[in-house]
K.L.:
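Quick one: structure below, then a few questions.
Counting convention: from 1, in listed order, for ligands and their atoms alike.
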Amino acid sequence: MKLKEIGEFGFINRFAHRFDPLINSKDTGIGDDCALLSINDKEYHLVSTDLLIEDVHFLKDEISPEELGHKSLAVNLSDIAAMGGKPLYSFLSIAIPKSTELEYLDRFMEGYHKLSEQYNTPLMGGDTTSSDDKLIINVTIIGSSTKQDARLRSMAKTGDVICVTGPLGNSAGGLKILLDKLSLNTEKKKLIKRHHTPEPRINEGLWLAKQNGIHAMMDISDGIASDLKHILKASEKGATIYLENIPTSQTLKHVSSEEKWDIDTLSTSGGEDYELLITINSEDAKTIIEEFEYEFKTSLYPIGIINDNKNEINWTKEGKEIRLEKRGFNHFKQ
Ligand code: ADP
Ligand code: MG
């Protein structure tokens, strides 16, 4: 059997359970945005790692070195945000083609340093090596949270309102513009910028985790069609999503109508928006949505409801059931 028949999650499922007997009962390993390592009765360390490979995750001629430095750290910070945690330290391992200009690397580190400063997260170590011709970047992030505040993918309950912290599909639109080599205008450049410089929702994640009514949380890296499935699987639940409620930016709406893109596909199956996907106890949803808006001056958008249909997402549009063709990003299955 080939890897592409089962995909990345099929591969992980083949070995993950074998490590369970080695894991201390107070810790949680593979399966969430971060591993949760118990420090004491009250706190966890949160750890996550992400790999970015030239031509797989980024196009070196399209993304500036500063943006690449930013993005390498941002996607990791986003996994800390997904647990409701506070970032503490990062580690950077990098394999660099020998012909790389020093100026390129200085600019990469400039972007990495700027975001590190923004979230007060020092770089504490890493590894540097040469590579034949591709740039390969691996960041490991360490954060912390109280045990009371940490939010897992497994915490969704029937009746919860499913919300997202911002518009979806901008990053996928930006990537599509690059891959299709479309001629650029201000709007298209804006979408590409969203693709190259995602903002980790650290402050939002910390605030949300303090609210009792917030149940499950994760970050949206592969598109909700794929990511919501992880919450459903971990929580043994199902969901109905109202496509007309999925927030999309004016820019994406405009470019999609110009280019005749299917905006529902981009906003559900396109990756790398790095907004948070959360489920809220139905009785608390209204208050939390209002208070979130007051706190962050941006909306928390309700897009669906958790139900008991195990592992299944029902997509509806204006009351009618819809079949979605594409189902989120999965390495090996594209
Ligand atoms: P995320 O998108 O939040 O980074 P992934 O979907 O990439 O998470 O991974 C899902 C889970 O599988 C995570 O808990 C991650 O740590 C784990 N995982 C992924 N690849 C490996 C691997 N090669 N070895 C062990 N755990 C892995
Ligand atoms: Mg994640």
K.L.:
What protein heavy atom sits nearest atom 18 (N) of ligand 1, and how far off is it?
P.N.:
Ile12 CD1, 3.8 Å
K.L.:
With respect to the Mg ion (ligand 2), what is the nearest N, O or S atom of Asp33?
P.N.:
OD1
K.L.:
Asp32 heavy atoms, cut-off 4.0 Å: which ligand 1 atoms fall inside?
P.N.:
13 (C), 14 (O)
K.L.:
Please state which protein non-hydrogen atom is closest to atom 6 (O) of ligand 1 and give its distance, to 0.1 Å?
P.N.:
Phe9 CE2, 3.2 Å
K.L.:
Is the distance from the ring center of Phe108 to that of Tyr104 below 6.0 Å?
P.N.:
no
K.L.:
Need one value: angle at the Mg ion (ligand 2), Asp79 atom OD1 versus Asp219 atom OD1, rounded to 10 degrees.
P.N.:
100°
K.L.:
Are Lys147 and Asp41 close enough for a salt bridge, meaning some N to O gap below 4.0 Å?
P.N.:
no
K.L.:
Run the salt-bridge test on Arg107 and Glu101 with the 4.0 Å N-O cut-off and return the result as yes or no.
P.N.:
no
K.L.:
Identify, by atom number and element, the atoms of ligand 1 in contact range of Gly31, meaning under 4.0 Å from any of its heavy atoms.
P.N.:
11 (C), 13 (C), 14 (O)
K.L.:
Among all protein heavy atoms, pick the one closest to atom 7 (O) of ligand 1 and tell me residue, atom and distance.
P.N.:
Glu8 OE1, 4.5 Å
K.L.:
Is the distance from the ring center of Phe9 to that of His230 below 6.0 Å?
P.N.:
yes
K.L.:
For atom 22 (C) of ligand 1, what's the nearest protein heavy-atom neighbour? Residue, atom name and distance, please.
P.N.:
Phe15 CZ, 4.0 Å
K.L.:
Would you indicate whether Glu110, at its atom CD, is surrounded by more than 12 heavy atoms from other residues, nucleotides or ligands within a distance under 6.0 Å?
P.N.:
no
K.L.:
I want to know if ligand 1 touches Asp79 in the polar sense, i.e. an N/O pair below 3.5 angstrom.
P.N.:
yes
K.L.:
Decide, yes or no, whether a salt bridge links Lys114 with Glu66 under the criterion of side-chain N to carboxylate O below 4.0 Å.
P.N.:
no
K.L.:
Under 6.0 Å from the six-membered ring centre of Tyr294 and within 45° of its axis: does the NZ or CZ of Lys297 meet both?
P.N.:
yes
K.L.:
For atom 24 (N) of ligand 1, decide whether some protein heavy-atom distance is shorter than 4.0 Å.
P.N.:
yes
K.L.:
Is the ring pair Phe15/Phe19 parallel, tilted or perpendicular, if the boundaries are 30 and 60 degrees?
P.N.:
perpendicular
K.L.:
At what distance is the nearest protein heavy atom to atom 17 (C) of ligand 1, and which residue and atom is it?
P.N.:
Ile30 CG2, 3.7 Å
K.L.:
Where is the nearest protein heavy atom to atom 2 (O) of ligand 1: which residue, which atom, and how far?
P.N.:
Ser221 OG, 3.2 Å
K.L.:
With heavy-atom distances below 4.0 Å as the criterion, list the atoms of ligand 1 near Asp33.
P.N.:
3 (O)
K.L.:
List the closest protein heavy-atom neighbour of atom 8 (O) of ligand 1: residue, atom name, distance to the nearest 0.1 Å.
P.N.:
Arg153 NH2, 4.0 Å
K.L.:
Any side-chain donor-acceptor pair under 3.5 Å between Asn24 and Ser38?
P.N.:
no
K.L.:
Using heavy atoms and a 4.0 Å limit, tell me yes or no: is Met83 in contact with ligand 1?
P.N.:
no
K.L.:
Do Leu228 and Ile278 land in one hydrophobic cluster if side-chain heavy atoms of ILVMFWY residues count as linked below 4.5 Å?
P.N.:
no
